[in-house]
Amino acid sequence: MKQLSEMDEREYFACIGRRPLFVGCGSFHQLTAFLTGYSEHATRHGGPGLLTGRHEWLVARRGRDCNHAWPGQVLHLALPDGWDDISDLPSEDEKHAIKVLFQLLDDFIGEREAARGTHPSD
């Protein structure tokens with residue numbers, strides 16, 4: 001496994017997606033909070049925010065908007081039949097939502113790189 005300092009964003013987040021406890025997060029909500037914090041830190045320090053444009057991208061992916069922030073949009077895509085209690089997802093739904101979260105994140109970063117004409121090795 002590569003060292004963290006050698007990973008690009010896609011590799012780093014793929015690693016976290018495979019092992020969420022690597023960053024101390026075990027739930028969908030903890031992981032979305034981690035990603036939001038990561039993005040805000042990058043923005044604060046002059047870098048591109050990881051999540052900049054993500055809400056709009058998710059709305060386009062889903063085909064409609066709602067009043068949920070981006071984590072709710074991910075849940076709509078992961079659990080199209082809905083959920084009973086957003087703060088207490090059943091274990092299987094939670095695992096599936098986390099898997100979809102990181103699949104969507106990889107797609108989003110990949111599309112953003114392609115639009116910018118960048119690649120991690122550039």
Side-chain angles (χ1 to χ4, degrees):
M1 183 167 138
K2 283 184 176 180
Q3 295 295 317
L4 290 177
S5 60
E6 298 170 350
M7 293 181 186
D8 63 38
E9 276 191 328
R10 288 179 85 181
E11 292 170 321
Y12 177 68
F13 290 114
C15 181
I16 292 172
R18 287 189 303 272
R19 295 179 187 88
L21 292 177
F22 176 72
V23 292
C25 300
S27 74
F28 176 82
H29 295 294
Q30 289 172 331
L31 287 163
T32 59
F34 172 81
L35 293 172
T36 298
Y38 181 97
S39 181
E40 291 300 316
H41 180 270
T43 301
R44 184 171 182 269
H45 293 281
L50 171 70
L51 303 175
T52 302
R54 181 151 166 97
H55 180 84
E56 295 79 8
W57 183 86
L58 287 165
V59 168
R61 186 82 169 231
R62 183 173 171 228
R64 59 183 238 182
D65 200 358
C66 69
N67 63 349
H68 290 129
W70 73 265
Q73 296 287 348
V74 171
L75 284 178
H76 281 298
L77 289 162
L79 307 171
D81 293 332
W83 52 87
D84 292 327
D85 182 354
I86 197 167
S87 64
D88 188 26
L89 296 172
S91 179
E92 287 306 309
D93 286 352
E94 183 105 39
K95 288 176 189 173
H96 182 67
I98 291 169
K99 179 181 176 184
V100 170
L101 169 67
F102 284 96
Q103 287 171 340
L104 290 168
L105 181 59
D106 186 66
D107 291 349
F108 176 71
I109 294 171
E111 288 180 26
R112 187 172 66 183
E113 287 173 354
R116 290 181 181 164
T118 60
H119 186 272
S121 62
D122 289 348

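Taking both residues in full, the closest heavy atoms of Gln30 and Gly26 are given as OE1-N, 2.7 Å, listed atom of the first, atom of the second, then distance. When all heavy atoms of Ala97 and Ala78 are compared, the pair lying nearest together is CA-CB, 3.8 Å.
The backbone N or O of Asp8 sits less than 3.5 Å from a side-chain atom of Glu11, completing a donor-acceptor pair. Formation of a donor-acceptor pair under 3.5 Å by the Ser39 side chain with backbone atoms of Leu35 is not found in this model. No side-chain donor-acceptor contact under 3.5 Å links Arg112 to the backbone of Arg54.
Under the 4.5 Å side-chain contact rule for hydrophobic residues, Leu51 and Val59 do not share a cluster.
Contacts of His29 classified as ring pair (Phe, Tyr, Trp, His ring centres under 6.0 Å), with partners at least two apart in sequence or in another chain: none. Not a single ring pair (Phe, Tyr, Trp, His ring centres under 6.0 Å) links Phe102 to another residue, sequence neighbours left out. Legend: residues meeting ring pair (Phe, Tyr, Trp, His ring centres under 6.0 Å) with His55, ordered by chain and number and at least two apart, are absent.
Residue Ile86 holds its CD1 atom at 12.0 Å from CG of Asp93, rounded to the nearest 0.5 Å. Taken from OG1 in Thr32 to CH2 in Trp70, the straight-line distance is 5.0 Å, to the nearest 0.5 Å. Atom NE2 of His96 is separated from atom CD1 of Ile98 by 11.5 Å, given to the nearest 0.5 angstrom. A distance of 8.0 Å separates CG of Leu79 from CZ of Phe28, quoted to the nearest 0.5 Å.
Looking only at side-chain heavy atoms (C-beta outward), Gln73 and Asp65 come within less than 4.5 Å of each other. Inter-residue side-chain proximity for Leu104 and Arg61 is flagged as met; some heavy-atom pair is nearer than 4.5 Å. Taking 4.5 Å as the limit, every side-chain heavy atom of Arg44 sits out of range of all side-chain heavy atoms of His41.
Ring-plane geometry between Phe108 and Trp57 is classed as perpendicular, the angle between the planes exceeding 60 degrees on a 0 to 90 degree scale with a lower cut at 30. Between Phe13 and Phe34, the two ring planes are perpendicular [angle over 60°; tilted spans 30° to 60°].
For Asp85, the CG atom counts as densely surrounded, since its 6.0 Å shell holds more than 12 non-hydrogen atoms of other residues, nucleotides or ligands.
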**side-chain contact (heavy atoms from CB on, under 4.5 Å) evaluation trace for Glu113 with Arg10** = CA-CA 10 Å; Glu113 287 173 354; Arg10 288 179 85 181; 3.6 Å; yes

